[in-house]
Amino acid sequence: QLQASGGGTVQTGGTLRLSCAASGRTVTNNAKGWFRQAPGKEREFVAAIGWNGGGTTYSDSVKGQFIISRGYAANTMYLQMNNLKPEDTAVYYCAAARSSFAGSSASLYNKWGGGTLVTVSS
């Protein structure tokens, strides 16, 4: 029901735009978020966006660097990643929450898509 795409390899300072396509009524109407998992590290929260007019929230590590948005179609979500750094290298996952609340805890999300790999070379 969720599919992330748009990953790739870029140099430091480059940009990428990730997309997440959702299907299914219950997934479309809920908040969604992006998480990432770097090699050898735990999965961490990146950003989230509420649905039905809800707000956005970011981790401190990407605030001012990444922008989360929803598409014109309610079932799409994007993550614009600017000024990428080697420490942003990770597999990025999109997830749908149980409600319209956009929080940072992974426990709020019950549906996860396959990840897309982002590699930032120095």
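Side chains are part of it too, since the values below use all heavy atoms of this structure and drop only hydrogens, waters and symmetry mates. Numbers here simply count residues along the sequence, with the first being 1.
Considering OG of Ser99 and CG of Leu108, their distance stands at 7.0 Å, rounded to 0.5 Å. With rounding to the nearest 0.5 Å, the separation of CH2 in Trp34 from CD in Glu44 is 14.5 Å. Separation of atoms SG (Cys94) and CD1 (Ile68) is listed at 9.5 Å; rounding is to 0.5 Å. Distance check, rounded to the nearest 0.5 Å: CG of Leu2 to CG of Asn75 gives 10.0 Å. Rounded to the nearest 0.5 angstrom, Tyr58 OH and Leu79 CG are separated by 7.5 Å.
Residues Phe66 and Val120 are members of one and the same hydrophobic cluster, defined by side-chain heavy-atom contacts under 4.5 angstrom among Ile, Leu, Val, Met, Phe, Trp and Tyr. Hydrophobic cluster membership is shared by Ile67 and Leu18, with clusters built from Ile, Leu, Val, Met, Phe, Trp and Tyr side chains linked at under 4.5 angstrom. Neither Met77 nor Val91 shares a network with the other; the hydrophobic side chains, linked directly or stepwise wherever heavy atoms of I, L, V, M, F, W or Y lie under 4.5 Å apart, form separate groups for each.
Nearest heavy-atom pair across Ala48 and Gly103 is CB-O, 3.8 Å. Considering all non-hydrogen atoms of both residues, Thr15 and Val10 come closest at O-CG1, 3.9 Å. Contact record, Leu16 with Val118: CD1-CG1, 3.8 Å, taken as the closest heavy-atom pair. The two residues Ala22 and Lys32 come nearest to each other via the heavy atoms CB-CE, 3.7 Å.
Put simply, the side chain of Trp112 reaches to within 4.5 Å of the side chain of Arg43, judged on heavy atoms. By the 4.5 Å heavy-atom criterion applied to side chains, Thr76 and Ser19 are not counted as neighbours. Annotation: side chain of Thr12 is in contact with side chain of Ser122 (closest heavy-atom distance under 4.5 Å).
Taking the side chain to side chain donor-acceptor pair (under 3.5 Å) definition, one finds that Gln3 meets it with nothing, sequence neighbours left out.
A distance-only check finds no donor-acceptor pair linking the side chain of Arg98 to the backbone of Lys111 [under 3.5 Å].
Listed by first then second residue, pairs satisfying side chain to side chain donor-acceptor pair (under 3.5 Å) with a partner in residues 82-96 read Arg36-Asp88, Arg36-Tyr92, Gln65-Asp88, Gln80-Asn82, not counting sequence neighbours.
Aromatic ring centres of Phe35 and Tyr109 lie closer together than 6.0 Å.
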